[in-house]
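Working notes, beginning with the structure itself.
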Amino acid sequence: MAVVEPIASKAGGRRRLQVKSPVDLAPLGEFDVANAEDVAKALTRARKAQSRWALTSLKDRAAMMDRLLGVLLARQDAIVARVMGETGRSRMETFFMEIFAACDTVNFHARRGPKILADQSVGLHLLRMKKAKIVYRPLGVVGIITPWNGPFILSLNPTVQAVMAGNAVIIKPSEVTPFSGQLVEDLFREAEFPEHLVQVLLGDGETGAALCEAGVDKISFTGSVATGRKVGETCGRNLIPCTLELGGKDPMLVCADADLERAAGGAVFGAFMNAGQYCSSTERVYVVDAVADRFTDLVVEKTRALKLGTEGDFDLGPFIASGQIDIVERHVADAVEKGARVLCGGKRNEQLGPYFYEPTVLTGVTHAMAIVREESFGPLLPIIRCDNEEEAVRMANDTTYGLGANVWSRDKARAERIGRRMDAGSVCINDASVTYGALEVPFGGRKSSGVGSVNGAEGLRAYCHAQPIITDRFGLKAEQIWYPYTQEKLEGMQKALKIMWGSPLKRLMK
Ligand code: NAD
């Protein structure tokens, strides 16, 4: 499937893989697949590092994140070069998806993390003789398993959050882009974080599965629905929490009063960024009949202006994982066979290399087609014409996925009303694909698109156990409900019950 192939192993008992450029198949490097024994050893090292890291203050952790930011800034060119080598993406796209986002997450969590993770005092409505606080204790060692489509940032972002929360991390990056994932460990080491606090294990599904079974305290998984289901099953059996950030089939809804110029630009960017290999890509467009022709013409015009390429200024690179091109070709062939029309693209560009596919716009698409029902994860933009917004909402929600959705209208209040009806983890209005970059808010999917979230206070605190500590305030000799149980005490409680909840006083019980 990937541009990664098995080769003869040098290390006893371990499989060895070779990674190649998706642009020209030039070899990029080789690695041994870490096995269960390697995972167990990494876990022992991680536990030792974490037991000391957990004792550091939030202020000290934030100061270490500042050092990491310095290293990131100093190493940005090398990171961009490594990621471009493994993905074939343009420099501009690599820069904003990986470096810009990386600096932002490190700085954001250094600044906001201490406040989000600080002890919280809580006033108790009933047990007023007690004092309560919630302390956010690290879970221990977090296993982070990541995909190839954002090979550096999708490993770095959860790692920053887990480490800020006091955990050690073992990252298992995708076998398709292992060396971009490896960078995360290198950068933490260069920033002088404790040894083995952040470790990367290179490997494939075998390593990922071993990590889920190894006895870590949480798995943070980003990848496909099929693998996410296996990871979720293992975590369920082992009774450890997991976050599953899975695939999507994001719909775009274009209302009659939308700014069509902006909507068409947003559709093209939303569908073709990273050559469509983005979990929150716009994968289906529902446009109301009244503006469908004009919108489609604009989309085709803008798509034709895109440059597929390998050097200099270009917009789209190749498929990063080789098997993806087969899925996209199957989706287009099935759509055409069932009556869809390809308005532009619809074919490989073999002059550029084996994995380049022209950005493709289709009309006449229906829900009977795989292109609407399955994640394409490629540069396809199927347009579906609807009688009205009601029909668009109904069709947009007719899917097993629920990652994101975007709605376009000049009437923002109306767009929001439509957005609130979308069965999606997040909604953008008059924009697309921006939620992952809004670090203040949780990012996660509904339905098959996942469980839990990253980012936001919720995501950061999900790397902790929220531990309530309740302290008695006055030190009375005994509590009312302690032994012995007597009729007199019961009657006292019955009276209290009547006063508290059977009278206007209940309003104070909040
Ligand atoms: P994948 O599921 O094939 O692989 C993801 C990771 O899981 C890889 O590191 C892989 O080696 C590992 N893995 C494979 N088998 C495993 C097993 N049995 N146990 C544990 N780990 C195992 O996904 P992919 O093809 O690398 O990534 C593309 C998918 O990721 C798309 O569906 C995309 O939508 C999704 N994705 C989701 C988000 C999100 O935030 N929701 C972000 C990016 C990508």
Side-chain angles (χ1 to χ4, degrees), residues 1-4 15 17 19 31 33-34 36 39 86-87 97-98 101 143-155 157-158 170-178 180-182 200-214 216 219-235 237-238 242-250 273-283 319-324 326-328 374-378 400-404 424-426 433 435-437 442-455 459:
M1 134 95 179
V3 194
V4 50
R15 288 179 298 116
L17 301 177
V19 182
F31 65 93
V33 173
V39 174
E86 284 189 329
T87 62
M97 276 186 76
E98 308 281 350
I144 295 181
I145 302 175
T146 57
W148 43 261
N149 66 313
F152 175 66
I153 188 63
L154 293 176
S155 293
N157 185 33
I170 300 173
I171 305 167
K172 207 302 283 172
S174 169
E175 61 275 28
V176 183
T177 50
S180 299
Q182 177 68 57
V200 169
L201 289 179
L202 300 186
D204 55 14
E206 177 190 343
T207 318
L211 187 55
C212 297
E213 294 283 14
V216 294
I219 291 286
S220 178
F221 174 84
T222 310
S224 65
V225 175
T227 313
R229 221 179 274 285
K230 289 186 203 163
V231 169
E233 281 168 10
T234 307
C235 291
R237 181 163 37 75
N238 291 332
C242 64
T243 312
L244 304 174
E245 300 286 336
L246 310 180
K249 192 75 198 169
D250 287 12
M273 186 182 81
N274 206 18
Q277 301 160 109
Y278 185 62
C279 54
S280 271
S281 277
T282 295
E283 292 230 352
F319 283 104
I320 301 167
S322 57
Q324 214 56 42
D326 302 329
I327 296 173
V328 161
E374 299 170 17
E375 185 182 42
S376 302
F377 221 55
T400 56
Y401 291 98
L403 194 55
S426 61
S433 307
T435 313
Y436 193 83
F443 178 88
R446 298 182 62 185
K447 303 197 252 182
S448 299
S449 289
V451 175
S453 57
V454 284
N455 299 346

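Counting starts at 1 for both ligands and their atoms, in listed order.
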Under 4.0 Å from ligand 1, counting heavy atoms only, is it the side chain of [X], its backbone, both or neither?
X: Glu375; answer: side chain
X: Ser280; answer: neither
X: Tyr278; answer: neither
X: Ile145; answer: side chain
X: Val225; answer: neither

Measuring from [atom], which candidate in [options] has the nearest non-hydrogen atom?
atom: atom 5 (C) of ligand 1; options: Thr222, Thr227, Ile219; value: Thr222
atom: atom 2 (O) of ligand 1; options: Ser448, Gly445, Gly223, Ser224; value: Ser224
atom: atom 6 (C) of ligand 1; options: Ile320, Asn149, Ile153, Thr146; value: Thr146

Verify whether one side chain among [X] and [Y] offers a donor that lies under 3.5 Å from an acceptor in the other.
X: Tyr401; Y: Asp250; value: no
X: Thr227; Y: Ser224; value: yes
X: Thr146; Y: Ser155; value: yes

Heavy-atom check, side chain of [X] versus side chain of [Y], under 4.5 Å:
X: Phe152; Y: Met97; value: no
X: Val454; Y: Pro442; value: no
X: Val39; Y: Thr207; value: yes
X: Val33; Y: Leu202; value: no

Ligand 1 to [X] polar contact by distance, N or O atoms, under 3.5 Å:
X: Tyr436; answer: no
X: Lys230; answer: no
X: Leu246; answer: yes
X: Glu175; answer: yes
X: Ser449; answer: no

[X] neighbourhood, listing ligand 1 atoms whose heavy-atom distance to it stays under 4.0 Å:
X: Gly208; answer: 19 (N), 20 (C), 21 (N)
X: Trp148; answer: 24 (P), 25 (O), 26 (O), 27 (O)
X: Ser174; answer: 9 (O)
X: Gly205; answer: 11 (O), 13 (N), 14 (C), 15 (N), 16 (C), 17 (C), 22 (C)
X: Asp204; answer: 11 (O)
X: Lys172; answer: 8 (C), 9 (O), 10 (C), 11 (O)

Should Pro173 be listed as contacting ligand 1, given a heavy-atom distance under 4.0 Å as the test?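 Contact present.
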
Is the gap between the ring centers of Trp148 and Tyr278 under 6.0 Å?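 Distance test on ring centres: not under 6.0 Å, no.
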
Carboxylate-amine/guanidinium contact Arg15 Asp204, below 4.0 Å: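 A salt bridge links Arg15 with Asp204.
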
Flag the pair Lys249 and Glu374 as a salt bridge only when some basic side-chain nitrogen lies within less than 4.0 angstrom of an acidic carboxylate oxygen.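 Here Lys249 does not pair with Glu374 in a salt bridge, since their nearest N and O are not under 4.0 Å apart.
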
Please check: side-chain N/O of Asn149 versus main-chain N/O of Gln277, any donor-acceptor pairing under 3.5 Å?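 Between the backbone of Gln277 and the side chain of Asn149 there is a qualifying donor-acceptor contact (under 3.5 Å).
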
